[in-house]
Each structure stands twice: as structure tokens, then as C-alpha cells.
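Everything on this sheet refers to the single structure shown next.
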Amino acid sequence: MLEIKDLTGGFEGKDILKGISLSVKPGEVHSIMGPNGSGKSTLSKIVAGHPGYEVTGGSISYNGADLLAMEPEIRARKGIFLAYQYPIEIPGVNNAEFLRMAYNAKLKSLGQEEADPLDFDELLREKMKFLDIDEKFRERSVNEGFSGGEKKKNEILQMAILNPAVSILDEIDSGLDIDALKVVAEGVNRLRNGNSSLILITHYPRLLNYIKPDHVHVLSGGRIVSSGDFSLALELESAGYERYTAVAGE
Amino acid sequence: MVTEQAVKRLQDCSGVVADDLAAHLDSSPIGAVLTPANVAGTERFIELGLPHSKHEMFTYVNTGTVNSHRYITAGETLPSPCMDVPPECSGRSIAIINGSYRPEYSDLTGADGQIVARHLGDVVANDRLFAGDLIRSIKNDKDVFSAINSALIKEGVVIDIVENAITEPLFIMSKTGGINEGAVTTPRLSIRAGENSRSTVIIVTDHNQPDIFTDSVFEITVGAKAHMDLYMIQPGKKIKKGEFSQSFTRLKVVQNENSYASFVGASAGSPLLRSSVEWRLTGKGCKVDYKSLSQPAGADVAHLFARFVHTAPECESDIVIRNIVRDSASVSTDSTVIVSRGAFGSVSRQLVNNLMLSGNGRADTKPNLMIFNDDVKCSHGATFGQTDPEQLLYLRSRGLSERRAVSVLTEGFSGVVTDAIKVPSIREMVAS
């Protein structure tokens with residue numbers, strides 16, 4: 001589904017990623033863990049198509065197509081979703097209207113007619129109820145004045161509406177207290193199915209207590225320095241990243 | 001005699017404006033009820049002189065075009081007002097055509113007697129207090145185009161919203177058209193909202209006509225404890241490329257004790273548009289929420305010169321001015337909050353945001369504060385920028401095309417102003 005091969009790149013002329021390879025198959029949950037500055041967010045931004053980041057080598061193939069040749073909106077319409085570590089506030093843009101536009105953009109790309117506003121309204125209500133999100137989120141501007149937890153919930157709401165094939169959750173646990181973390185993780189778990197894949201980017205193993213990954217990767221110095229199953233996350237919980245930063249020469 | 005003296009003084013001035021004002025005054029019928037106003041306006045014009053770019057009020061205005069324009073008043077030849085009254089205002093509409101109040105096209109049958117409209121001349125003839133206030137207002141006005149309006153007015157309308165009235169929205173259309181090119185029209189409107197009244201007033205100014213100069217003066221008094229929502233809308237332009245029109249508007253608002261006023265001004269652009277605002281908070285505890293949106297495009301030029309004057313204690317002004325500049329258009333904003341001596345406990349927030357959608361556009365902004373009193377809280381600021389690249393990416397990463405994302409962000413930028421319009425059809429008109 002998503003094949004990353006020998007990916008190098010970064011921003012402002014500096015390579016942050018120094019040769020990453022990762023294969024994500026349908027239904028899999030991958031966790032990418034690592035210390036600050038290891039390149040986790042850079043990887044997520046390159047996959048999503050952030051124009052400020054440049055790829056200097058390697059490739060990303062998505063269902064056989066060259067992902068790197070696609071504009072960010074094309075990637076999104078084809079099923080790539082990035083839940084932002086710091087969701088962007090957009091004052092004056094109604095959240096429900098924004099979600100409807102995003103949903104319709106996807107339908108249009110699939111050759112389908114735009115959703116009837118009433119039908120979409122029903123879908124939105126259903127998803128909000130499903131994720132236990134307050135109705136007030138509908139009429140507010142996108143992320144404006146939201147708490148950290150509310151922003152993260154709003155990201156998951158977008159994920160629920162767009163039903164992406166590959167979701168990258170960039171530190172979805174940051175800034176959340178334990179109760180909010182449980183709620184967000186439960187929402188993500190409810191959206192999991194056999195066809196969609198998840199890439200969880202996180203510093204802390206605690207998120208993985210709620211969303212169990214199939215594969216855990218340790219990213220350090222711009223490289224994946226170790227991969228394993230959930231037991232690797234448990235090891236990191238007790239031993240930290242010291243061993244891996246030494247391997248990466250940091 | 002007074003008229004002759006004014007004409008003589010004008011003849012000593014140079015320029016076509018003075019010549020035209022003198023001709024107008026000379027031809028005024030003897031004893032016309034508005035002649036004292038014409039003379040006062042003329043005297044004020046002579047005192048203030050024609051603007052040039054060194055005048056603070058006109059720093060960014062190309063005064064050459066206005067100074068060379070002929071000031072020949074228009075006849076009333078528009079056959080029909082072509083006025084689309086919003087459904088929320090059914091039975092409450094006022095037509096001002098080429099500066100004249102036209103009762104035959106107005107309709108106040110739905111106002112239940114709570115809104116009364118009269119010809120300015122009738123009010124001046126029968127209300128000495130109003131007549132005196134009018135002359136004082138003309139003599140004290142610092143805007144030369146307001147003086148020119150006063151020098152030329154033959155007509156006008158006075159609208160009274162009675163005390164304790166709770167009214168549904170009132171629609172006022174000031175329209176120009178069907179007149180000789182090169183003419184000047186001088187709409188003059190006074191609104192007096194009585195004590196403890198609640199009203200919504202929508203003024204739509206449709207003045208984009210080729211080679212027409214519209215010089216409007218709108219004076220509004222908000223009575224003690226009254227609440228007024230005021231919308232002033234200049235809809236999309238109808239000027240063809242290469243044609244030119246000028247629309248100058250002077251808005252003077254006086255708020256009395258414990259009154260509240262919200263204002264939304266929106267203009268879609270015009271070859272030359274100038275708004276001059278004087279907003280006075282004269283009674284203790286009054287508050288204004290002022291929002292404006294200007295969207296010049298093409299080679300449009302838009303100017304806002306605004307003064308918000310706190311003269312009484314514990315007043316509050318909240319000012320948000322947003323400009324969206326497209327193509328090679330230019331916009332200037334010179335706004336000042338003045339806190340006078342004795343205006344203790346004043347609170348004011350002032351923010352001017354400029355969204356530049358083209359590398360060829362221009363925005364000049366001066367958000368000023370003049371504080372002559374202790375114990376006040378005032379803030380002012382301005383921003384200039386293009387669409388935020390992070391916001392743009394966020395929208396694109398949800399599947400919106402870049403063009404659509406820019407459009408959404410632009411709508412969001414203007415939405416901060418347009419969402420404050422509480423009349424749905426007007427909000428939709430502005431948003432579209």
C-alpha cells in the first residue's frame with residue numbers, strides 16, 4: 001500500500017531523513033517512535049506533501065503510484081491523511097462547512113456527486129456522536145479557540161469523515177491529559193478496519209497502551225535504527241532511547 | 001445678502017469647484033429653506049480649502065481627479081429606483097434617488113408608525129432646534145467634501161425612530177443613475193434613534209455609475225439607552241473597465257448615554273471610494289462595535305479615514321477593519337481613537353488587517369491612538385500579509401485545491417466582519 005524506500009530529505013537544505021524505508025500494508029498499525037529531532041514529524045510532513053520540505057533521494061510509492069509527484073490535495077483525495085501535531089487554527093471558516101468541502105472534494109475525485117447538505121449533516125452528526133464530540137464543534141471556526149484536546153479530537157473527526165486509507169497521526173497524544181488521551185485513542189480504535197492503515201508517531205509508549213501497533217520502529221538520527229513488535233515499545237518504556245541515540249551517533 | 005457675500009467670496013477662490021459652487025448658490029431660489037445650509041457649507045468649504053495630498057485626511061487620495069471634477073448637480077431623471085427590498089425589510093424601505101428622498105418609492109407601511117421619514121427641508125422649516133443643529137454641524141465639520149455636500153444640497157431625508165420603539169430592519173437605498181455624466185449627487189440623510197429604541201438600519205449605496213461623483217453625508221444620532229445595528233453596504237460594482245466613478249461618504253455618528261451601536265460597513269470596490277467616519281461616544285457608558293470590510297480589485301482605490309472620539313467616561317469602542325486587496329488595487333486606512341480629557345475608564349481595541357492577494361496591490365495603514373486621560377485601556381495594531389501558507393497547506397491536506405483553499409481563507413478573513421451582519425439576506429449579499 002505505502003512503500004517508502006531510502007527516503008532522504010528535510011528542509012532549508014538540511015537532510016533530516018537519512019535513508020528511511022518502511023512498508024505499510026492494508027490494516028496494519030505502525031508506530032514510529034523516537035527522541036526529539038529524530039525526524040518523525042519531517043517524515044509525516046513529507047508524506048503529506050508539505051511544500052516547505054524537500055525530498056533529496058529515495059521514493060514513496062502509494063498503491064503503485066509515485067506519491068511524491070502528487071500535490072498535497074491529490075494525496076489527500078487518494079486517501080493519505082495527516083493528523084497534525086499542532087492543528088492549524090483558521091478563524092472565520094466554519095468547521096462543519098470545512099468538513100463538508102473536504103468530504104465533497106474526495107467524492108468529486110472519486111467521480112461521485114457532491115453530498116446533499118442534509119445528508120452530510122446527518123453523516124457529521126453520526127460521526128460526532130460516534131466520537132463523543134460536542135455539537136458546538138460544528139459551528140465554531142476550524143480549531144479556533146479549541147483546547148489542545150479539542151483540536152486533537154477535531155483531527156480525528158476529520159479522519160472519521162474522510163475515511164482515509166493511510167492515516168498518519170503525528171503525536172496525537174501530545175498535550176493531552178490521560179482522560180483526553182483515552183478518548184482520542186478510543187476514537188481512533190473505533191475507526192480502525194481491515195483496509196485502512198495507521199502510522200502513529202509518538203515520543204511516548206503510553207499511547208500504544210491504547211492503540212496497539214503491529215509494528216514498532218525506532219527513528220533516530222533520521223534513520224530507522226530498530227524495528228520490532230509491541231514488545232519493543234515496552235522496552236523503550238523502561239530503557240528509554242539512549243541505546244538508540246548512541247547507535248545513530250547523536 | 002448672505003448668499004451674495006458667499007458667492008463673492010467663492011469668486012475670489014480659484015478652481016472649477018468654487019466656480020460651480022458659486023453658480024449653484026447664485027441660482028438658488030431666494031428664501032429656499034436649505035439656503036442657510038448651502039451658505040454655511042460654502043463658508044466651510046472656503047475655510048477648509050480643496051484637499052491636497054499634504055492634508056492628513058487625504059494623504060493617500062489622488063486629489064487631482066476630485067479637484068478637477070465639475071460640481072454640477074444632477075436632475076432627478078431616474079425613472080425607477082429598481083430597488084430590491086430584502087424580505088426582512090418588507091414594508092420598511094426608504095428610497096433616495098440621486099440624492100433626493102422619494103416617498104413614492106418608499107414604503108413604511110410595515111413600521112407601525114415607529115419610523116417616520118420626512119424631507120430635510122420640511123424638518124428644517126418646522127424644527128428650529130434641528131435647523132440650528134444642522135448649521136452647527138456644518139460649521140464644525142472638518143471634512144471638505146461634507147462642506148461641499150452642504151453647499152450643494154437641495155434635498156435630503158430625516159428619519160426618526162421614535163422613543164422606546166422596537167423595530168424590524170429598515171432598508172435605505174441610496175441610488176444614483178439615469179443622469180447626465182459628469183454630474184455630482186449629494187445624498188443627505190439624518191437618522192435620529194430615540195431614547196431606549198432598538199433598531200436595525202441597512203443603508204445600501206449604489207453609486208457606481210460612469211463619470212458620476214457621489215458626495216454623501218449620513219448623520220446618525222443614537223439616543224440614550226438605544227440600541228442600533230447599522231449596516232452600510234456598497235454592493236458589487238457595475239463600472240466597465242476604463243470608466244470612472246467617485247463615491248465619497250461622510251458618516252457622522254453621535255452616541256448618547258448607555259447606548260449601544262454595532263456597525264458593519266462593506267464595500268465591494270469602486271474606481272475611487274472614500275469613507276470618512278466621525279464616531280463620537282458622548283454619553284457615559286456607551287459602546288460601539290465597528291467592523292468594516294473593503295475589497296478593492298482591478299485598479300480600484302479605497303480610502304477610510306476614521307475618527308472615534310471618546311468624550312464621556314466608561315465608553316468602549318471595538319474596531320476591526322479588514323481589507324482584501326486584489327490585482328493592482330490600493331487601500332488606505334487612517335483610523336484614530338481619541339480619548340478626550342474626562343473620558344475616564346475608556347476601553348478601546350483597534351485592529352486593521354490587510355490581506356494582500358496580489359503582489360501588485362498596495363495597502364497603507366495607520367492605526368492611531370490619541371489619549372488625553374489616565375485610567376484607560378487602549379490597544380491598536382495592524383497586520384499585512386498574504387494567505388498563511390500553513391493554513392493553506394492544512395486545507396490542501398484535506399483535499400481542497402489550492403485555488404479553493406485561497407478562496408476559503410479569503411472568505412474566512414472577511415467572515416470575521418460579515419458574520420456580524422444579523423440580517424440573513426444582507427449577510428448573503430455581502431458574502432457573495
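Just so we're on the same page: letters track the sequence lines, and every chain starts at 1. We use all heavy atoms of the structure for the numbers below, so side chains are in, but hydrogens, waters and symmetry mates are not.
Other residues, nucleotides and ligands contribute more than 12 heavy atoms inside 6.0 Å of the CD atom of Glu135(A). Counting heavy atoms of neighbouring residues, nucleotides and ligands inside a 6.0 Å radius, atom OH of Tyr86(A) does not exceed 12 of them. The number of heavy atoms from other shown groups lying within 6.0 Å of CD (Gln112(A)) is above 12. Annotation: Arg349(B), atom CZ; neighbour count of heavy atoms from other residues, nucleotides and ligands within 6.0 Å is above 12. Environment of NZ in Lys151(A): crowded, with over 12 heavy atoms of neighbouring residues, nucleotides or ligands closer than 6.0 Å. Residue-environment remark: CZ (Arg362(B)) stays at or below the threshold of 12 foreign heavy atoms within 6.0 Å.
Listed by sequence position, Leu395(B), Arg396(B), Ser397(B), Arg398(B), Gly399(B), Leu400(B), Ser401(B), Glu402(B), Arg404(B) are the residues of residues 395-405 of chain B in contact with chain A, using a 4.5 angstrom heavy-atom cutoff. Using a 4.5 Å heavy-atom cut-off against chain B, no residue of residues 183-190 of chain A qualifies as contacting.
Nearest heavy atoms, Ile90(A) versus Leu409(B): CG2-CD2, 3.5 Å.
Within the 4.5 angstrom heavy-atom criterion, only side-chain atoms of Glu155(A), from C-beta onward, approach chain B.
Summarising the geometry, atom OH belonging to Tyr394(B) is positioned 10.0 Å from atom CD belonging to Glu89(A); distances are rounded to the nearest 0.5 Å. Between the OH atom in Tyr84(A) and the CD atom in Glu390(B) there is a gap of 7.5 Å [rounded to 0.5 Å]. In this structure, Tyr53(A) OH and Leu393(B) CG are separated by 10.0 Å, a value rounded to the nearest 0.5 Å.
In terms of non-hydrogen atom pairs under 4.5 Å with chain B, the most contact-rich of Pro87(A), Ala105(A), Gly49(A), Ala102(A) is Ala102(A). Note on Gly52(A), Pro72(A), Pro51(A): by heavy-atom pairs under 4.5 Å with chain B, the leading option is Pro72(A). In terms of heavy-atom pairs under 4.5 Å with chain B, the best-connected choice from Ile88(A), Asn94(A), Asn104(A) is Ile88(A).
Contact of the Val408(B) side chain with the Met101(A) side chain is registered, since non-hydrogen atoms from C-beta on lie closer than 4.5 Å.
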